[in-house]
Structure formats: C-alpha cells, structure tokens
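On a predicted model such as this, the values are computed, not experimentally measured, just so you know.
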Amino acid sequence: TDGSLYERLRGLRIELLDVNRDRVAVHWQEAPPETSFAWHPAAGGELRVFAAEADFEQSGWTAAMASDGNPSTGWAIAPQQGQPHEMRLHFDSSGFPGNTVVQIEQNYGGGHVLGRFRTHWARVQGLPPMLPAIVRAALDKPRDHRSEVEQKSVKDYFRGFDPEISRLRSKLIALEKERGDLKIPTTPVLVALEGGERRVTHVLEAGNFLNPTDEVQARVPGAFTFSDALVSNRLDFAQWLTHSDNPLTPRVAVNRIWSRIFGRGIVLTEEDFGAQGSLPTHPELLDWLAAEYRSHWSQKQLLKTIVMSRTYRQSSAVTPEKLDRDPDNVLLSRGARFRLPAEAVRDQALSVSGLLSRKMFGPSVFPPQPEGLWQAAFNGQRNWETDAGEDRWRRGVYIFWRRSTPYPSMTVFDAPSREICTIRRIPTNTPLQAFVTLNDPVYVEAAQAFARKLLKQRFATIADGVDRARLRMGLEWTLHRPADPRAVKVLEHLLIEQRIALSGDAEAARSLASEPLGMLPEGADPIEYAAWTVIANVLLNQDSFLIRD
C-alpha cells in the first residue's frame, strides 16, 4: 500500500501457541523483529483490514466476516470442506507496531478445524483479483485438457471484468426482477397427447356404448380422402386442408371473402358447397381466384386483387336496362350495394359522433338497452347493469352476449343469437330497424354527441352562412363525399322548423339535447342544441350512411 516493490518476507516462523476445541492461537515472528507485522489490537496499535476476499465463500459467511470484530460471524466454505482454499486480507500497513502477534480464532467447534496452511505476505500497491478455485484449477491445465464446466467458468470469470458485459448483466437482473413482479395471465393450451396416451376408441354396435367392436383411429372420412396419408393429428389435418389435391379449401375461402366484399358469394350458399348448395354464378372466376389464392395463401394479396378489379370499382347506380337484365346483381352488372352488418351499424354511428372508445381487450361491456328486458326473460333473477363512462361506447364485439336474450338492437339488424354456427347472415329490411336507429338510447346519444361536435366548429368567413357550412360538414362526415346542395337545402329547412317548434318549450328542448348523454356545456342554448340533435339524428339515419354504396 505504500508503493514499494513487491517483496516476499523470508525467514517466516510459525509457532503454534495453543490448541483447543474453541481456539487456535498462532504466532508469526519475522527473523528481524523490526520488520515483523501482523495484526493484534493489544500490540500498541491496530492494523485495519480494509478488504477481504476468498476464492470461495459459503452463502452468508463471507471473507469479510473474518475480520469484522463480531465473534458470531466468520468465513465458511461449506460444502467445499477438505479442499484447498485461499483467503486474502488487505491491511493498512502504515505504522506497523513492533513484535506483532496474529491470532486466528476457531469458534465453530471441533467438527471443522483448520488443516495444513501457509501464509504469504506481500507489500504491493495493488494485487491481482482473487481467482475462484475452479478457475485457478482450470488455468493450471492446458486448454485442450479442460472440461466444459472449467472452460465455461474461465470464460464467465474473465467476462465479468468487461464493463459493458457488467452493465448488460445488471440490466438483465433488473429486467428479470421486473418480469417477476408482473402478473402475467396464464391461458391453458390444448396439446395433443402422444399415441400411447390417447384414449382407445371403438365402433359401437347400434350406437350402444356397452357393445364396442372394432378399434378405430382418428382421421378424416374416407369419402374426403384424396391420398393414402393417415390424418391423425392437427399438423396432418392442416396439411390435408392445404394439399394441392384438395380444391375445396381455397374455393371456400375465396368465396367467403368475395361475399364480404360484394354482399353475396359466387356460390350463394357459403355454408354449403355440397349437392344441396347453389351452383356458382361464375365458376371460371371462382377457379381462377382459388388457384391464385393457393399460390401464395395471402388474404391481403387476394383482397388487393379483388378491390383493384374493374368489377369492384363499378358505380352502384342502377339503370332501367341493368335492373331489367340483372335485378339481383347476380351478374355483377353494377357495384355491390348492401346494408352494413349489425355491429358496424352501431360502431359507425358512435365513431362519427366521436363517442366510440378505441379501448381494447378486457371483460364484456353492458351498453344501454331497453329497461326490464332481462327481468322479464329471467324472472328477475338477473339484471343488466348499464355501464357508465367509455365502456358504454366500446365496439359491438365487446358487448355481453346471452344466447337466450341477445342484444336487441343488433338482433333487429340480423345478428344471430349464436345458438348455432351461422356462416351467412340473411339480410332483412324492416320498419323496426328505422325505429332502432331513430329512438334507441345508443343512437339518440350518438346524435346528441354529433350535434355538439358540429356546434363546436368555428369558421372564419363563410359566404352562405355558418348553418350551411355545418350542414355540409355533417353530410361529408357521414357520407365521405362532397355534400349535395339539394340535401343541404332540405336540412336547412328542417333546422329552421325545429328551432321554431322547440322555441316554446325550453325544458323539452333541454331533455332532447341532454338525455341520456348528459348536461349541456355551460351557457349553451338548449333550443339550438336540441334542433341540431334532430339534424344529427337525420344524418345518422340516411340510407347512404347505413348502406354500403
């Protein structure tokens, strides 16, 4: 520590002073007394131990504990008793006392005592790091003679001196701790059992489980088998579905996508490609699309191919000639025109009004529905607690669904009850649908929010007035096309009529503009907001808003 050169003190004599089961006293004495040094508090001055290290430390019993002044602690080496070990103490060597005695106390008992040992003293400014026993043993061997464990121990030890690796290790420890604190949900996953662990299945005579006959294995029906390969697990089944000799899979998939885009499939009966299903209206087109799809199995590429076609980009306008020759548009003489599905009707109204919540995942939600519906269906044993806040405006896919009492406004728009698998929804057009979009609390709330959204718009200079500017904006937001001047004029007349009709009853106007959405903004004119709520309701009930045109 004083900067002098490394020197090894020779002539060291070790003298055993006392041995019993609790204590071993050892006396080191250098030949020239003035150069002797060790540690003994009673020798006229204490030599401070400022660092201690060992090649191996038992958990909770470190080398530093050998010189911490606490007799209840110490250095221990379990479970590596009987093996050579090394401990290094670093003394502050300034001002050594004269004849110095080093005393080693053995306080563990008689079970484990010090064996043969030797000491080595050095006076240097810095010593190399202490090598663990396994590393030291590995370095004593040629590289080719080291075991895999020894090679790994050497590599890991010297990598520890790289500051970048140390930084990454610290980061890894922190991340692992952070991961351990996370509450990660666990989802059970079905895994196919090995062949010897599967249940044995038999053909049952006359369907009677008490009379099993021949043993059978899982596979697709023989009528559908186009190869001799045994389909016995999920991987085999997936390969069978996409096999080049199986024309059904790409045809069904293409027809399903075509139906979502055009409102009806090339084969009308999407759920039935068998003998009782409909014949394809364009068989060559179906075959070509199926072959194209099978070449890449990319739905994105298939969709791009269809929507960029001239057939898809046709106008939905109907001429007398087209209506006479192709009344149901089976021959695709014009662009497809069909109503949105039930979920999209609700979600679109909420989206345009600015209410739709983009929140994802989580439990089902309970948006408004007619009062007393569940009490009547379940004799009062269940209740529909309407959500507050953004949960009432989440997408339709998150609505709580009970098959015996499905969400009523979606049922009106042909959503199935989900009691059975429904591949194709049969569209209807009934007065109930208009009653829902005009009066259902969800759509009234959307109209109120849409009205407030329009009234927030500010315009610097408008040649034909603020009302017409807002009406044009409402038409463009709902239809995504330039506003028709004739529609603007009709809506303007309706706005004036509503202002006059509501001017005599401010409370009715306030109720129309705020229930169920909530209180109007401070200082708002309830008659103005109510009149615009009626306009918003009309905009959300346009035929072109509900129909894919």
Spacing of [atom1] belonging to [X] relative to [atom2] belonging to [Y], to within rounding of 0.5 Å:
X    : Y    : atom1 : atom2 : answer
R470 : L495 : CZ    : CG    : 10.0 Å
R394 : L355 : CZ    : CG    : 15.0 Å
K322 : L332 : NZ    : CG    : 11.5 Å
E528 : L520 : CD    : CG    : 11.5 Å

Going by side chain to side chain contact (heavy atoms under 4.5 Å, CB included), name the residues that satisfy it together with [X], two or more places apart in sequence or in a different chain.
X    : result
N541 : T437, L438, N537
T430 : T428, L432, Q433
P250 : A290, Y293, R294, W297

Do any N or O atoms from the side chain of [X] and from the backbone of [Y] form a donor-acceptor pair under 3.5 angstrom?
X    : Y    : answer
D326 : L331 : yes
T478 : L475 : yes
S353 : A349 : yes
Q348 : V345 : no
R334 : L323 : no
D391 : D387 : no
T249 : L241 : yes
Q448 : E515 : yes
T422 : R424 : no
K456 : A451 : no

Side chain to side chain donor-acceptor pair (under 3.5 Å) against [X], all qualifying residues, sequence neighbours excluded:
X    : value
E385 : N383
R251 : D287
R392 : E445
N329 : none

Quick check on [X]: does its [atom1] atom have over 12 non-hydrogen neighbours (other residues, nucleotides or ligands) under 6.0 Å away?
X    : atom1 : value
I426 : CD1   : yes
E176 : CD    : yes
Q276 : CD    : no
F435 : CZ    : no
E419 : CD    : yes

Donor-acceptor pairs are to be reported for all side-chain atoms of residues 261-269 against protein atoms at under 3.5 Å, with residues two or more places apart or in another chain.
{"unit_1": "T269", "atom_1": "OG1", "unit_2": "D272", "atom_2": "O", "d": "2.8"}
{"unit_1": "T269", "atom_1": "OG1", "unit_2": "S278", "atom_2": "N", "d": "2.9"}

Look at [X] together with [Y] and state whether they make a salt bridge at an N to O cut-off of under 4.0 Å.
X    : Y    : answer
D549 : R339 : no
E476 : R481 : no
D467 : R499 : yes
R346 : D440 : no

What residue pairs, at least two apart or across chains, pass ring-ring contact (aromatic ring centres under 6.0 Å, His included) with a residue in residues 339-368? F366-W384, F366-F400
Pairwise ring-ring contact (aromatic ring centres under 6.0 Å, His included) hits with a residue in residues 527-549, at least two apart: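 Sorted pair list comes back empty.
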Could you work out, with salt bridge (Lys or Arg N to Asp or Glu O under 4.0 Å) as the rule, every residue matching R260, not counting sequence neighbours?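 For R260 the salt bridge (Lys or Arg N to Asp or Glu O under 4.0 Å) partners, ignoring immediate neighbours, are E270.
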Please step through salt bridge (charged side-chain N to carboxylate O under 4.0 Å, His left out) for the pair R395 and E343, ending with a clear verdict. CA-CA 8 Å; R395 293 167 52 206; E343 295 84 356; over 6 Å; no
Indicate every side-chain donor-acceptor pair of residues 298-310 with a distance under 3.5 Å to a residue at least two apart or in another chain.
{"unit_1": "S298", "atom_1": "OG", "unit_2": "Q301", "atom_2": "N", "d": "3.2"}
{"unit_1": "T305", "atom_1": "OG1", "unit_2": "Q301", "atom_2": "O", "d": "2.9"}
{"unit_1": "S309", "atom_1": "OG", "unit_2": "I306", "atom_2": "O", "d": "2.6"}
{"unit_1": "S309", "atom_1": "OG", "unit_2": "Y312", "atom_2": "N", "d": "3.3"}

Quick check with a 6.0 Å cut-off and a 45 degree axis cone: is K359 positioned over the face of W393's six-membered ring?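 K359 over W393 ring: no.
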Taking the side chain as every heavy atom from C-beta outward, state whether M410 and P416 have any pair of such atoms under 4.5 Å apart.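 SC-SC contact between M410 and P416 ruled out.
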